[in-house]
Engineer: 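Can you read through this structure? Questions will come right after.
Worth knowing before you read on, the calculation uses all heavy atoms, side chains too, and leaves out hydrogens, waters and symmetry mates. In what follows, chains carry the letters A, B, and so on, assigned in the order in which the sequence lines appear, proteins first and then strands, with residues in each chain numbered from 1.
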Amino acid sequence: MPEGLEAEIYRRAAERTVGRTITAVEVDDLQDTADELRAVLPGLTIVGTHRVGKQVVLDLDDGERLGLHFGMTGRLIVDGASAIDRLEYASGRDDPKWDRLRLDFDDGTHLRVNDPRRWAVFRLDPDLDRLGPDIFDLTPELLAERLRGRRAAIKALLLDQGVVAGFGNMIADEVLWQAGVSPHASAATLSDEQLAAIVEAAQTNLPEMLERGGSHTGVIDPEVRATLPPCPRDGGPLRRDTVGGRTTIWCPVHQTA
DNA sequence: GCCCTTGTTACGCC
DNA sequence: AGGCGTAACAAGGG
């Protein structure tokens, strides 16, 4: 599932298209922007890329921006090569019938978003103002500010893209495990030390996971999620709960409220 | 064929 | 008003 780390991997792949001019566009009819994209994009040149949370943005030479959001199973293919071969919960295949967006370029290359479950969303000039600060820009002060007045479970709030942009289910569990904070803990009762630990865990572990290849490379990896071995830190019994409507793996011994 | 998976949004309630 | 909890959505895979 593309979380902020996968979005950054996709952005880096998309960076290769800078300088290319779009000659043809194919869009899944399910996208409510399909007609608009077909009308507007041909003839435009990609001049840059950036990313906020899970949103990858292609900057176009007319000043517009094309926002790519990959949903649960969307993958980016640039020049025929998938930026990520293995995506948890996604099919291992890259079937052309699952192409939801295809941009052909003037030099004969192309970019595709392939998404079996059709939750990817493409739109011009995406509204990024509702997103919180990016996971790579977190500071204790910023996180405290975003959580002010909130009292829901910390994990549910980390997954709220308006609080922090880029956390998905796996890296939220990983960061809380690393920080020693219970996913059930109310944001209203978190200590300054716990907030600092969460930010420290994000700053330390997320770049490492990015370099290792994505959200599935943490301690709480898919194998651990599936088999619930003893906690790798203290040997305690890992638990599988639902928090914020999502499956949550955590250790009640060292992750405290 | 049933049920699991996730990110986002819609909706009802407080 | 706005926070919060829950369900719905798509559809492949087990």
Engineer: What is the distance from CG of A:L30 to C1' of B:dT9, rounded to the nearest Å?
Structural biologist: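 Rounding to the nearest Å, CG of A:L30 and C1' of B:dT9 are 15 Å apart.
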
Engineer: Compare the minimum distances between each of C:dG5, B:dT6, C:dA11 and the side chain of A:R117, then state the nucleotide with the smallest one.
Structural biologist: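 Output: C:dA11.
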
Engineer: From C:dA11, C:dC4, B:dG7, pick the nucleotide closest to the side chain of A:R118?
Structural biologist: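 Looking only at heavy atoms from C-beta outward on A:R118, the closest nucleotide is C:dA11.
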
Engineer: So if you build clusters from Ile, Leu, Val, Met, Phe, Trp, Tyr with side-chain heavy-atom gaps below 4.5 Å, do A:V219 and A:I198 land together?
Structural biologist: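 Per the 4.5 Å side-chain linkage, A:V219 and A:I198 are not co-clustered.
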
Engineer: Does A:Q161 place a side-chain N or O at less than 4.0 Å from the phosphate oxygens OP1/OP2 of B:dT8?
Structural biologist: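 Checking B:dT8 against A:Q161, a side-chain N or O does come within under 4.0 Å of OP1 or OP2.
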
Engineer: Nearest-Å distance, NE2 (A:H184) to P (C:dC4)?
Structural biologist: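 My rounded result for the distance is 16 Å.
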
Engineer: Side chain of A:R150 only, heavy atoms from C-beta on: which candidate in B:dT8, C:dC4, B:dT6 is closest?
Structural biologist: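 Selected nucleotide (nearest to the side chain): C:dC4.
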
Engineer: C:dG5 P sits how many Å from A:K155 NZ, rounded?
Structural biologist: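 One finds 14 Å between P of C:dG5 and NZ of A:K155, rounded.
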
Engineer: Round to a whole Å and report the spacing from CG of A:D127 to C1' of B:dT8.
Structural biologist: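 So the CG-C1' distance, A:D127 to B:dT8, works out to 14 Å.
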
Engineer: Any donor-acceptor pair under 3.5 Å joining the side chain of A:R225 to the base of B:dT5?
Structural biologist: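 No pair found.
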
Engineer: Answer whether the closest heavy-atom distance between the side chains of A:F122 and A:L37 falls below 4.5 Å.
Structural biologist: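 The answer is yes, as the side chains (C-beta and beyond) meet within the 4.5 Å cut-off.
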
Engineer: Any non-hydrogen side-chain atom of A:D115 less than 4.5 Å from a side-chain atom of A:D28?
Structural biologist: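 In short, these two side chains do not touch, never coming nearer than 4.5 Å.
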
Engineer: Could you tell me which non-hydrogen atom of A:L58 sits nearest to which non-hydrogen atom of A:A14, and how far apart they are?
Structural biologist: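 It is CD2-CB, 3.8 Å.
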
Engineer: So, is A:K54 near the phosphate of B:dT6, with a side-chain N or O under 4.0 Å from OP1 or OP2?
Structural biologist: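 Indeed not, no polar side-chain atom of A:K54 lies that close.
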
Engineer: Does any non-hydrogen side-chain atom of A:R51 lie less than 4.5 Å from one of A:V57?
Structural biologist: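 A side-chain contact under 4.5 Å is absent here.
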
Engineer: Counting only side-chain N and O atoms of A:R246, is one of them less than 4.0 Å from OP1 or OP2 of B:dG7?
Structural biologist: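 Answer is no, no contact under 4.0 Å.
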
Engineer: Between the axis at one end of the helix from B:dC2-C:dG14 to B:dC14-C:dG2 and the axis at the other (five pairs apiece), what's the angle to 10 degrees?
Structural biologist: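 Comparing the first five pairs with the last five, the axes sit 40° apart.
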
Engineer: Could you state the atom-to-atom distance from CE of A:M170 to C1' of B:dG7 in whole Å?
Structural biologist: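 Between C1' of B:dG7 and CE of A:M170: 15 Å.
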
Engineer: Specify the residue among A:R130 and A:T247 whose closest nucleotide of DNA chain B lies further upstream toward the 5′ end.
Structural biologist: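 That would be A:T247.
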
Engineer: Given that A:R151 and A:W119 both sit by DNA chain C, which one's nearest nucleotide is further toward the 5' end?
Structural biologist: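 Looking at DNA chain C, the more 5' nearest nucleotide goes with A:R151.
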
Engineer: Would you kindly give the CD-to-C1' distance between A:Q55 and B:dT9, to the nearest whole Å?
Structural biologist: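 So the CD-C1' distance, A:Q55 to B:dT9, works out to 14 Å.
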
Engineer: Side chain to side chain donor-acceptor pair (under 3.5 Å) with A:N169: which of A:E174, A:R246, A:K155?
Structural biologist: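 Output: one option passes, namely A:K155.
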
Engineer: Which whole-number value in Å describes the distance from A:D160 CG to C:dT6 P?
Structural biologist: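 Atom CG in A:D160 sits about 16 Å away from atom P in C:dT6.
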
Engineer: Considering every strand and a 4.0 Å limit on heavy-atom distances, what is the contact class for A:G168: base, sugar-phosphate, or nothing?
Structural biologist: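 If one applies the 4.0 Å heavy-atom cut-off, A:G168 turns out to touch the sugar-phosphate alone, with no base involved.
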
Engineer: Specify whether A:W250 and A:H184 have parallel, tilted or perpendicular ring planes, treating 30° as the upper limit for parallel and 60° as the lower limit for perpendicular.
Structural biologist: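 Plane angle over 60°, so perpendicular.
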
Engineer: Please determine whether the number of non-hydrogen atoms from other residues, nucleotides or ligands lying under 6.0 Å from atom CD of A:E208 exceeds 12.
Structural biologist: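 More than 12 heavy atoms, drawn from other residues, nucleotides or ligands, come within 6.0 Å of this atom.
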
Engineer: Separation of A:N169 atom CG from B:dT8 atom P, in whole Å?
Structural biologist: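 A:N169 atom CG is separated from B:dT8 atom P by 12 Å.
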
